[in-house]
Amino acid sequence: MKRELTLLIGGVICLACSAQNAQLVFNNAGVGVGQHPFVVFNPDNDPATNPGAYLVIDNSNANAITMAGAVMSDVPIIKSETELNKIRWAIGAGAGMYTVPFSTQSGVAIPLSVTIAPAGVGSSDGSIIFSTYNYDGKGTIAATDRWNNFLYKPTDVTHMNDFATGMVNNSENAIDRFWIIDASEGSYAYSTKPAVNITFVFDPADAAPNGGNTPGLALQLLAQRFNPLPPGFWGDMTPIGTLSVDTVSGVIPPTTADFYRSWTLASRISPLPIELLAWSGACDGSIVKLTWTTASEQDNAYFTIEKSKDATTWTALGEVHGAGNSSSQIQYAYIDPDASGLAYYRLRQTDIDGQSTVSPTIAAGCDADNGTRIVNAWDDGHSLNVVVASSLDGTYDLTLLDAQGKLLLERSAQAIGTGSTTLRLPTQSIASGIYVVRLQNASNSMARRVHLN
């Protein structure tokens, strides 16, 4: 007899709540077909009728999800299979290896493991949100189009473009699956994300040609994540990890700031766009020293250094020649002699054919007075993303007000780091319209009008 728990409602389902020693245990004494218990989320993959569901694991211990008895490699355990059907594991200040025993729609085990050390900082409800899905996760995709990840990319992902031009869909060199590993969702967000070491197990069928994937893709895969800061990057962090028998392990973002929510596995030979490994600016005596590092370059003619006092109107300061073509890391530097007050900087990289891309914005300056500004704010359909640039570390209260000044949402004591910091507020329950987002502490206050979709 098949033992199946099907979650058919939206909202929150809490199967391991209340007591701190509560566990979700999959205990299978049998080894035959149909003798393995498993959980299936709402199978409806239409966002219009399936608003999503949480399976809440309210236990910070790594054994809060436990597999016992006979555990086979080709049986279902937990099926998510849409972006919005999520595990919310209230890890809080916990550390250790947390494994979500995901399986594919067809029942292939693809467990996802995240080893945390050191732990994140935040409220006692600090949680990591997990989900995974392939082409079946956003409606019906024709068999000939399953290779095209752009048709079912996560909501915060804006493109699947290639490295060579940054303009051509490169889905053929990415596995037909996404993973959501989010430490910044709504009221469960960490103020300081945990440091993580991730292990992905994948189904080789998701790397099969499927109408257009590169043959042999399963032998080339490493992990990449999407940086949603405008204009949106896959490759500001190179493909990372170690591939061995349908597993990519040792996936360690270089900093906790690089730990964004949307992940895939891409070809190490033809990765999604690679832009910058590092880009920073700092006061050095009476000058601002700007430095950046590229992981590799293709047809790179030159960089233009651009500066702004308001992050809106930009002036070109100068140019630095690129390496043309390179497969190794290259470091660059530029000196701005005008270092008074806070300023904003960005790089415009231009190819030999005239195509150009723009880097994220950074802030730097000497003797800057309260050098913190809201650079950008936008609604991604789930959260209000607020990008803050600062020349110094600080702590601010983040609030959202309506047009009449009524307080709608508040997040106290948000850490703002030197450079660029992204803060998020949940917006699903707020009507569309014009609002005001505000950052304030004892010595500084700033606000920006935003449109919520």
Side-chain angles (χ1 to χ4, degrees), residues 4-26 37-66 76-94 98-105 110-114 116 120 122-133 136-138 154-156 178-190 193-194 196 259-263 380-384 409 411 424-430:
E4 173 180 342
L5 173 59
T6 303
L7 308 183
L8 295 175
I9 58 175
V12 176
I13 301 93
C14 190
L15 296 186
C17 294
S18 300
Q20 275 300 299
N21 60 354
Q23 291 178 292
L24 179 60
V25 178
F26 297 89
F38 61 96
V39 172
V40 181
F41 275 91
N42 184 347
D44 181 2
N45 56 24
D46 183 354
T49 53
N50 175 16
Y54 280 133
L55 171 59
V56 180
I57 309 299
D58 193 11
N59 182 346
S60 62
N61 293 320
N63 66 353
I65 299 179
T66 298
I77 306 293
I78 297 178
K79 292 183 180 182
S80 164
E81 289 303 276
T82 81
E83 179 183 2
L84 298 178
N85 289 339
K86 310 168 186 177
I87 303 287
R88 179 173 76 80
W89 202 330
I91 293 170
Y98 295 80
T99 298
V100 181
F102 282 128
S103 62
T104 68
Q105 194 86 325
I110 51 169
L112 174 67
S113 297
V114 177
I116 296 176
S123 68
S124 59
D125 268 348
S127 301
I128 296 183
I129 311 299
F130 301 93
S131 68
T132 185
Y133 68 99
D136 288 325
K138 283 200 173 180
T155 50
D156 63 316
F178 294 99
W179 287 263
I180 305 301
I181 313 172
D182 192 358
S184 301
E185 181 166 308
S187 60
Y188 312 116
Y190 287 90
K193 298 175 186 177
V196 296
F259 176 23
Y260 291 104
R261 75 184 291 269
S262 293
W263 293 78
D380 63 12
H382 299 281
S383 302
L384 172 62
L409 292 172
R411 295 289 181 269
R424 291 183 176 86
L425 287 170
T427 58
Q428 294 97 322
S429 61
I430 300 177

Quick check: do [X] and [Y] have side-chain heavy atoms less than 4.5 Å from each other?
X    : Y    : answer
S80  : N85  : yes
Y133 : P154 : yes
P194 : V114 : no
R411 : P426 : yes
I65  : T99  : no
Y188 : D182 : no
I180 : S262 : yes

Straight-line distance of [X] [atom1] to [Y] [atom2], nearest 0.5 Å:
X    : Y    : atom1 : atom2 : value
F259 : S184 : CZ    : OG    : 7.5 Å
I128 : I87  : CD1   : CD1   : 12.5 Å
T82  : D136 : OG1   : CG    : 11.5 Å

- Message: For G122, is there any backbone N or O sitting under 3.5 Å from a side-chain donor or acceptor partner on Y190?
- Response: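 Not confirmed, Y190 side chain does not pair with G122 backbone.
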
- Flag, side chain of S131 to backbone of L84, donor-acceptor distance under 3.5 Å: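 Answer holds: no.
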
- Message: Using side-chain contact (heavy atoms from CB on, under 4.5 Å), reason through I181 and L112 one step at a time and then give a plain yes or no.
- Response: CA-CA 10 Å; I181 313 172; L112 174 67; 4.0 Å; yes

- Message: For Y98 and W89, take the angle between the two ring planes, folded into 0 to 90°, and tell me which bin it lands in: parallel under 30, tilted 30 to 60, perpendicular over 60.
- Response: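 Rings of Y98 and W89: perpendicular, as their planes differ by over 60°.
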
- Task: Given side-chain contact (heavy atoms from CB on, under 4.5 Å), test V100 with T132 step by step and report yes or no.
- Result: CA-CA 10 Å; V100 181; T132 185; over 6 Å; no

- Candidates R88, K193, R424, K86 - the one meeting salt bridge (charged side-chain N to carboxylate O under 4.0 Å, His left out) with E185: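 Single pass found, and it is K86.
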
- Item | Atom of Y260, atom of W263 and distance for their closest heavy-atom approach |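 Y260 and W263 have their closest heavy atoms at O-NE1, 3.0 Å.
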
- Query: Is there a side-chain contact (heavy atoms from CB on, under 4.5 Å) between I430 and L425 once you walk through the steps?
  - Reply: CA-CA 11 Å; I430 300 177; L425 287 170; over 6 Å; no

- Listed partners of S187 passing side chain to side chain donor-acceptor pair (under 3.5 Å), at least two apart: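 S187 satisfies side chain to side chain donor-acceptor pair (under 3.5 Å) with no other residue.
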
- Query: Between N63 and T66, do the side chains contain an N or O donor and an N or O acceptor separated by less than 3.5 Å?
  - Reply: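 Side chains of N63 and T66: no pair found under 3.5 Å.
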
